[in-house]
Structure formats: C-alpha cells, structure tokens
Amino acid sequence: MSTHHMNLEAYRIDTEPFYLPVGQEISIAEAAYHDGTPLLLKGPTGCGKTRFMQYLAWRLQRPLVTVSCHDDLSTSDLVGRYLIRSGEAVWTDGPLTMAVRAGAICYLDEIVEARKDTTVVIHPLADDRRQLPIEKRGELLTAPPEFMLAISYNPGYQSVLKDLKASTRQRFIALSFDYPEPDKEVEIVCKEGGLSPEIAKSLVKLAVMTRGLKDSGLVEGASTRLLILAGQLIGRGIEIKTACRAAISEALTDDRELLAALDEMVSSLF
C-alpha cells in the first residue's frame, strides 16, 4: 500500500497580497507562529480573515492550505483516506496531514461548520504535543516547527449549538477581526476595487447603513468583500445603482421589503 502526497508548490503565495493592518494582528500572529501556537480568527464574513492568512503566509514564506469547512466535513476529509487505484488501496493524505508533513500553514475556515469529531483530531495538534494521529495507518505525525494551524469562525452568526468548545478555544491565541474603520475601509475599497475615493467613500457609507439593519431582519450587513465586488462591476462600466443592486442588495437578502430599503439607501447616496 503506497502513499500519495500532494505537491505543495501550488499553495505558495509568491506575490504580496494587499492587506491593511488595523492593529497589532501581524506581530501577534508572527509571535504565535514562532512559538508554535495556533491561531483563532474571529469575525464576520468578508471582513478580511482569509486575506490576513494569505498575507501572513506570504510574510512567513510558508505554503497556505485552506479548507472551507462545511457540515459534511469529516475527520477523513482532513486527515486522509485509502482510495482504490488500479486495484490497490493507496493512502492519500488529506489537506491537514499534507500541511503537517510539509510544514505548511493549515487554515480551517469556519471550523464550527464541520462535524464535531473534526475538532477532536485537532486537539493534540493545537497544544504543546503538536501531534496528528492518523489512526487508519497507526501513524503519529509530529508537526515540524514550520507548521501552523489556524482556524476561523463567525461569532455573530453561530447558533448556540455551533459554538467552539472551551477545551478547543483555550488552545489558541485569538484575534478578533471586524470591518475596518471607515477611512481604512475606503482605502481598501479604492485599492482593491480600483475606484475613486468619492465612490469608495459612498460605498462604505452604504455598508455602514446596511450593518445597522441587523434588527430589521438582515442577518449580516454588507462586507468589505461585497464593496470590492461592487467596485469591480463599476470599473467594468456597470452603472453604480445596478452594480450595488447586483453585488450588495441581492447578495444580502431575498426579502422584498429589505431590498426596497436597500435600494432607497443606494439612491440616497448615489
């Protein structure tokens, strides 16, 4: 039974991703990396958690293996499984095992969405043991110093059933992310969306207004990511209101009353 490992060159980030720091998050994350401590990123959708991880991987010059967790994600999906290839059972590493072997950064995005048994497998990896048990192979991997584990979740969106256990959380250094301050968000939207500061400023105002609609039934307001998408449409010649409707309003809700309220906000700004 041979083993099948993936090539990690594809996971290297060669060009610097644009990331605008909002506090001490870079120095804290680098300190955690050098101490072999895993990271927990908390914050709403589209506020820059994934971009931060890309930037960190670029700074540390480590490959970044990202796993988007979902409710069917099992331990085998992370660790690996035997697959039948030309009549023989071949072991194939999962993304987590692959990252541990190669000393990469493994980023488990929205970890609480995964099945409960997956958090158990990361426990020995997330404390001073830094070990990954591969039960199906009777193998115990010890992570090299270059390996880093990072997980993220969205506290505002989680139900009581889907929260991280204290026994999991207390293994991590936690960084809290939120939408940037308006002036920083304008800078990000200008740069990433390729917009004039005036239009970027109005888009950020719109986002701030939508974030105030939580009590009116909007689960989440417009993320920085959505503003950038709207900006890209505007850059392609799509009329501003149409771009806002497609990239922001329709992305946030299907509710007719909320859509009408969002359209009014757009009209008041543009």
Side-chain angles (χ1 to χ4, degrees), residues 13-27 29 41-59 64 66 68 107 109 152 154 156-157 175-270:
I13 297 169
D14 295 324
T15 42
E16 179 179 351
F18 175 72
Y19 178 76
L20 198 61
V22 292
Q24 298 290 302
E25 68 271 32
I26 295 168
S27 45
L41 312 185
K42 307 191 283 186
T45 307
C47 73
K49 299 188 296 293
T50 300
R51 176 59 62 89
F52 172 73
M53 286 310 303
Q54 291 166 343
Y55 178 75
L56 183 65
W58 172 81
R59 267 181 81 105
L64 176 67
T66 301
S68 297
Y107 174 48
D109 191 16
S152 76
N154 177 352
Y157 180 65
L175 290 173
S176 202
F177 285 74
D178 205 340
Y179 303 119
E181 291 295 311
D183 54 338
K184 288 212 164 179
E185 195 162 24
V186 169
E187 199 181 324
I188 293 165
V189 174
C190 272
K191 169 89 175 69
E192 296 276 279
L195 291 172
S196 70
E198 294 76 42
I199 295 178
K201 208 173 266 185
S202 296
L203 280 175
V204 169
K205 266 188 193 158
L206 174 64
V208 172
M209 288 160 83
T210 66
R211 291 165 196 165
L213 283 179
K214 274 206 168 163
D215 304 332
S216 313
L218 204 61
V219 181
E220 284 197 308
S223 65
T224 311
R225 184 191 295 145
L226 287 186
L227 303 186
I228 292 165
L229 294 179
Q232 288 168 347
L233 288 179
I234 294 163
R236 291 259 173 219
I238 305 287
E239 195 267 325
I240 293 179
K241 288 182 183 176
T242 312
C244 288
R245 176 88 193 206
I248 298 170
S249 310
E250 295 283 4
L252 290 176
T253 184
D254 301 321
D255 183 287
R256 280 192 177 169
E257 285 177 21
L258 279 171
L259 281 172
L262 291 167
D263 284 344
E264 270 177 42
M265 287 177 181
V266 172
S267 300
S268 72
L269 289 166
F270 299 103

Asks: Side chain to side chain contact (heavy atoms under 4.5 Å, CB included) between E181 and V22: does it pass, once the steps are laid out?
Replies: CA-CA 8 Å; E181 291 295 311; V22 292; over 6 Å; no
Asks: Is any side-chain heavy atom of L213 less than 4.5 Å from a side-chain heavy atom of M265?
Replies: yes
Asks: Salt bridge or not between E185 and R211? Use side-chain N to carboxylate O under 4.0 Å.
Replies: yes
Asks: So, Y55 and R51: side-chain donor and acceptor under 3.5 Å apart, yes or no?
Replies: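 Y55 vs R51: no donor-acceptor pair found between side chains.
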Asks: Do other residues, nucleotides or ligands put more than 12 heavy atoms under 6.0 Å from the CD atom of E239?
Replies: yes
Asks: Show the nearest heavy-atom pair for residues A247 and L229, with the distance to one decimal.
Replies: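 Reported closest heavy-atom pair: CB-C, 4.1 Å.
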Asks: Heavy atoms only: give me the nearest Y179-T45 pair and the separation to one decimal.
Replies: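 Where Y179 meets T45 most closely, the heavy atoms are OH-O, 3.4 Å.
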Asks: Do L227 and E192 have side-chain heavy atoms sitting under 4.5 Å apart?
Replies: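 Side-chain contact under 4.5 Å: no.
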Asks: Any idea which heavy atoms bring E220 and L252 closest together, and the distance?
Replies: O-CD2, 3.5 Å
Asks: For E257, does the CD atom have more than 12 heavy-atom neighbours from other residues, nucleotides or ligands under 6.0 Å away?
Replies: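 Incorrect, the count does not exceed 12.
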Asks: Identify the two heavy atoms, one from A243 and one from I238, that lie closest to each other, and give their separation to 0.1 Å.
Replies: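 Residues A243 and I238, closest heavy atoms: N-CG2, 3.8 Å.
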Asks: Tell me, do L203 and C244 make a side-chain contact under 4.5 Å, heavy atoms counted?
Replies: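 The answer is yes; the side chains approach within 4.5 Å.
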Asks: Please check if the side chain of K184 supplies one atom and the backbone of P21 the other of a donor-acceptor pair under 3.5 Å.
Replies: yes
Asks: Looking at every non-hydrogen atom in both residues, tell me the closest pair between A29 and F52 and how far apart they are.
Replies: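 Reported closest heavy-atom pair: CB-CZ, 3.6 Å.
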Asks: So does D254 have more than 12 non-hydrogen atoms from other groups sitting under 6.0 Å from CG?
Replies: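 No, the 6.0 Å shell around CG holds no more than 12 heavy atoms from other groups.
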Asks: With side chains defined as the heavy atoms from C-beta onward, is the minimum distance between Q54 and L64 less than 4.5 Å?
Replies: yes
Asks: Between K49 and L41, what is the shortest heavy-atom contact and its length?
Replies: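 Heavy-atom minimum between the residues: O-CD1, 3.7 Å.
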Asks: Using only atom types and a distance under 3.5 Å, with no angle test, would you say the side chain of S249 pairs donor to acceptor with the backbone of L262?
Replies: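 Not at all, since once roles are kept as given, no pair shorter than 3.5 Å links the two residues.
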Asks: Would you say S152 and D109 make side-chain contact, with heavy atoms under 4.5 Å?
Replies: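 Sidechains of D109 and S152: in contact.
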Asks: Does the side chain of L20 come within less than 4.5 Å of P180's, by heavy atoms?
Replies: no
